[in-house]
Amino acid sequence: MSSVTIRNVEFINNPAKFSDVYQFRVTFECIAPLKDDLEWKLIFVSCPEKEDLDQELDDCLVGPVPIGINSFEFEGSPPDPSKIPPEDVLGVAALILTGSYNDQEFVRVGYYQNTEYDNEEMKETPPAKIAFERLVRDISAKPRVTRFQIKW
């Protein structure tokens, strides 16, 4: 049984410009005392076939964690456009939030992110060179949650 269970992840600024920071609130329940902090990471996956292109946007430590319902707000930097292959900029990417305890990942929450231009004309006829300042992102409301058994 997991000592920590995610109750909710709320994106505060969704949809947003592609270049905006990610802002969200994580609510979780802790049912047993934890002597160490929890580590949370936000990862952007533009190309699933090329793991070396994954970008860790930010990480944070949360603790000490009391028993009960807890929440924190997290800001993650936007992805570095220079690390995204041009053919993978528009369309669907993945945004992954991981939770770890003592270097053991106990939860992975994945979201689809759709990236497109902010107007119909550019959506229908995208410019030859990507105009990052005109891109917007929209993160799906339905996550895929994977839980892992760890030694608490």
Side-chain angles (χ1 to χ4, degrees), residues 2-29 36-63 65 70-152:
S2 182
S3 293
V4 175
T5 304
I6 289 187
R7 291 279 195 112
N8 189 41
V9 177
E10 174 191 359
F11 284 90
I12 297 167
N13 64 338
N14 187 48
K17 290 184 174 194
F18 184 80
S19 58
D20 287 350
V21 297
Y22 293 90
Q23 297 176 320
F24 53 97
R25 181 178 298 109
V26 178
T27 303
F28 64 94
E29 182 174 13
D36 295 309
D37 293 347
L38 298 174
E39 181 178 23
W40 301 89
K41 292 182 183 180
L42 185 64
I43 301 164
F44 179 79
V45 180
S46 63
C47 183
E49 301 85 31
K50 298 179 184 169
E51 194 173 318
D52 60 316
L53 295 177
D54 292 0
Q55 296 182 51
E56 185 177 310
L57 304 179
D58 215 338
D59 67 344
C60 72
L61 295 174
V62 174
V65 178
N70 300 275
S71 69
F72 66 96
E73 289 190 9
F74 190 12
E75 281 193 5
S77 302
D80 179 348
S82 70
K83 296 181 180 177
I84 305 171
E87 65 273 13
D88 292 328
V89 171
L90 296 173
V92 177
L95 193 63
I96 300 170
L97 175 68
T98 66
S100 299
Y101 182 71
N102 287 335
D103 295 320
Q104 305 168 87
E105 186 176 336
F106 65 89
V107 69
R108 179 174 285 230
V109 185
Y111 294 88
Y112 290 114
Q113 173 181 301
N114 187 49
T115 302
E116 62 186 4
Y117 282 104
D118 61 2
N119 66 63
E120 290 304 317
E121 182 180 324
M122 293 177 87
K123 286 179 191 177
E124 291 174 17
T125 311
K129 184 174 187 275
I130 296 169
F132 283 95
E133 70 280 1
R134 300 300 304 268
L135 295 178
V136 292
R137 66 171 191 245
D138 189 8
I139 301 164
S140 69
K142 295 184 180 184
R144 178 180 172 108
V145 180
T146 307
R147 294 171 184 82
F148 305 98
Q149 293 294 328
I150 67 166
K151 184 176 178 171
W152 291 95

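Note that this is a predicted model, so its numbers are computed, not measured.
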Can you find a heavy atom in the side chain of [X] that is under 4.5 Å from one in the side chain of [Y]?
| X | Y | value |
| --- | --- | --- |
| Ile43 | Leu57 | no |
| Asp58 | Tyr22 | no |
| Val89 | Pro81 | no |
| Val65 | Val4 | no |
| Val21 | Pro78 | yes |
| Pro15 | Val136 | no |
| Thr5 | Val107 | no |

Quick one: does Asn102's side chain have a donor or acceptor within less than 3.5 Å of a partner on Gln104's backbone?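 Absent.
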
Whether Asp88 side chain and Cys47 backbone form a donor-acceptor pair below 3.5 Å: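 Answer holds: no.
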
Find the distance between [atom1] ([X]) and [atom2] ([Y]) and round it off to the nearest 0.5 Å.
| X | Y | atom1 | atom2 | value |
| --- | --- | --- | --- | --- |
| Lys17 | Thr115 | NZ | OG1 | 14.5 Å |
| Asn114 | Arg137 | CG | CZ | 12.5 Å |
| Leu135 | Glu133 | CG | CD | 8.0 Å |
| Ile150 | Tyr101 | CD1 | OH | 8.0 Å |
| Phe24 | Glu75 | CZ | CD | 9.5 Å |
| Phe148 | Ser100 | CZ | OG | 9.5 Å |

Just do the side chain to side chain contact (heavy atoms under 4.5 Å, CB included) check on Ile139 and Leu95 with the steps written out, would you? CA-CA 8 Å; Ile139 301 164; Leu95 193 63; 3.7 Å; yes

Kindly check if the number of other-residue, nucleotide or ligand heavy atoms within 6.0 Å of [atom1] ([X]) is above 12?
| X | atom1 | value |
| --- | --- | --- |
| Lys50 | NZ | no |
| Glu51 | CD | no |
| Phe132 | CZ | yes |

Testing the basics here: between [X] and [Y], what is the closest heavy-atom pair and its distance to 0.1 Å?
| X | Y | value |
| --- | --- | --- |
| Thr27 | Ser71 | OG1-CB, 3.6 Å |
| Lys41 | Asp59 | CG-CB, 3.7 Å |
| Pro126 | Tyr117 | CB-CE1, 4.0 Å |
| Ile84 | Ser46 | CG2-CB, 3.7 Å |
| Phe18 | Gln113 | CE1-NE2, 4.1 Å |
| Asn119 | Arg134 | ND2-NH2, 2.7 Å |

I want to know whether Tyr111 and Phe11 have ring centres closer than 6.0 Å.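 Close enough - the centres of the two rings lie under 6.0 Å apart.
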
Any idea how Trp40 and Phe28 line up, ring-wise: parallel (<30°), tilted (30 to 60°), or perpendicular (>60°)?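 It falls in the tilted class, 30° to 60°.
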
Please report the C-alpha distance between Phe74 and Val62 in whole Å, then the side-chain angles of each, then the deciding distance to 0.1 Å, and finally whether the side chain to side chain contact (heavy atoms under 4.5 Å, CB included) criterion is met. CA-CA 10 Å; Phe74 190 12; Val62 174; over 6 Å; no

